[in-house]
Q: 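One structure is given below, represented as structure tokens, and several questions about it will come after.
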Amino acid sequence: MINAAGPEVPAIRLSRVTKRFTPMVLGLDDISLDISSGTRVVLLGKSGSGKSTLLRHVNRLHSPTSGAVLVHGTDVGTVRGRQLRDLRRGIGMVFQNFHLVGNISALENVCSGNLGALRGPRVGLWMYPSAVRRHALDLLDRVGLAERAYQRSDTLSGGQQQRVAIARALIQQPSVLLADEPVASLDPESSADVLGILTRISKEDRLTVLMSLHQIEYALGFADRIVGLREGRVVLDESALNLDAERAMQIYSAATGTTDDSLTVAAGVPQPLAAHAPARPGLAR
Ligand SMILES: Nc1ncnc2c1ncn2[C@@H]1O[C@H](COP(=O)(O)OP(=O)(O)O)[C@@H](O)[C@H]1O
Ligand SMILES: [Mg+2]
């Protein structure tokens, strides 16, 4: 845990965050957002709308040009050294392309997520303390892969590799999990599996999950809340229960922040993402 903050403190707070990469490139434009502990929030938006940039501000891979990012009440911009390491340990991350080491086992990949805590080079599975190996096995079991523990990671399917990557992110026992397009490389069935596993673990562990997705239907099936980004701004922020796919599509419309977006959607502005979205997967809430 990052901070012994009370329950009223949001897990993640962005306070007027602006990120300007260059004078001409604005990544985030005055974003304020509070995300409660244990909730699952999905970021939707076109490519280039700022989803990855936002995620990368939470664990300080990016620093804001102005504004502040707080995780459990701690301003991530103010921590240094050991505090920064502790902060990052409390925030897991998974990516579109899994980022596993291919020629080692699933179990060793999961153990390697503990590297920060071990503070040493990776020197093979048997050099990890048995408690770490046991924990890693438990996590593989939680993602349904206990029987694959000793299989070379690059022989696993994409969905299985992403499940290993989730287990690896969880070995640090984070309170926040960031996921950047975690199912963008997966087929619909594997995507639903991965999102279902994330939902279950989020509920069981009260894990706050902030993830970007391309598919509205998955977002509606997975999220408690959907935040739509366009050109670095929040253009929609709704409970998933109150939202239908058609209205969520407005995030992708060409107009910027006008009240006429619904008209442009109705008029058939290209909607490349939802047009290819699979049927609503009906994930358990
Ligand atoms: N490291 C960077 N340097 C310069 N511009 C960047 C950098 N990262 C992202 N951007 C720009 O910021 C904007 C948002 O990008 P990004 O967050 O990657 O969008 P998304 O993840 O929604 O596709 C884009 O215009 C992108 O080109
Ligand atoms: Mg991105």
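In each ligand, atom 1 is the first atom listed, and ligand 1 is the first ligand listed. Only a predicted model underlies this, so the values are computations on that prediction, with no experimental measurement involved. Numbers here simply count residues along the sequence, with the first being 1.
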Q: Below 4.5 Å, heavy atoms only, C-beta onward: do Tyr128 and Ser112 meet side chain to side chain?
A: yes
Q: Do Leu44 and Leu229 come close enough that some side-chain heavy atom pair is under 4.5 Å?
A: no
Q: Using a strict cut-off of 4.0 Å, indicate which atoms of ligand 1 neighbour a heavy atom of Ser47.
A: 23 (O)
Q: Give the intermediate values and the outcome of side chain to side chain contact (heavy atoms under 4.5 Å, CB included) for residues Leu14 and Ile12.
A: CA-CA 7 Å; Leu14 274 72; Ile12 300 169; 3.7 Å; yes
Q: Give the residue, atom name and distance (to 0.1 Å) of the protein heavy atom nearest atom 18 (O) of ligand 1.
A: Ser52 CB, 3.9 Å
Q: Backbone or side chain, does any N or O of Gly48 fall under 3.5 Å from an N or O of ligand 1?
A: yes
Q: For Lys46, take its heavy atoms, then give the atoms of ligand 1 lying under 4.0 Å from any of them.
A: 22 (O)
Q: Give the intermediate values and the outcome of salt bridge (Lys or Arg N to Asp or Glu O under 4.0 Å) for residues Arg142 and Asp138.
A: CA-CA 6 Å; Arg142 288 186 78 187; Asp138 281 348; over 6 Å; no
Q: Give a yes or no on whether Leu210 and Leu70 share a hydrophobic cluster (residues Ile, Leu, Val, Met, Phe, Trp, Tyr; joining criterion: side-chain heavy atoms under 4.5 Å apart).
A: no
Q: Just jot down the side-chain contact (heavy atoms from CB on, under 4.5 Å) partners of Asp30, sequence neighbours excluded, or say none.
A: Arg16, Thr18
Q: Report the nearest protein non-hydrogen atom to atom 27 (O) of ligand 1: residue, atom name, distance rounded to 0.1 Å.
A: Val25 CG1, 4.6 Å
Q: Report yes or no: does a heavy atom of Gly45 sit under 4.0 Å from some atom of ligand 1?
A: no
Q: Report yes if some N/O of Gly27 lies less than 3.5 Å from some N/O of ligand 1; otherwise report no.
A: no
Q: Determine the interplanar angle of the Phe21 and His62 rings, folded into 0 to 90°, and report it as parallel if under 30°, tilted if 30 to 60°, perpendicular if over 60°.
A: perpendicular
Q: Inspect the contact between Lys51 and Asp180 and indicate whether a charged nitrogen and a carboxylate oxygen are less than 4.0 angstrom apart.
A: no
Q: Which protein non-hydrogen atom lies closest to atom 12 (O) of ligand 1, naming both residue and atom, and how far is it?
A: Phe21 CE1, 3.3 Å
Q: Charged N to carboxylate O under 4.0 angstrom, Arg89 versus Asp86?
A: yes
Q: Would you mind counting protein N, O or S atoms that sit less than 2.8 Å from the Mg ion (ligand 2)?
A: 1
Q: Whether the side chain of Arg152 engages the backbone of Ser105 through a donor-acceptor N/O pair (distance < 3.5 Å, no angle test) should be reported.
A: no
Q: Could you tell me which atoms of ligand 1, counted from 1 in the order shown, lie closer than 4.0 angstrom to a heavy atom of Thr53?
A: 9 (C), 14 (C), 15 (O), 16 (P), 17 (O)
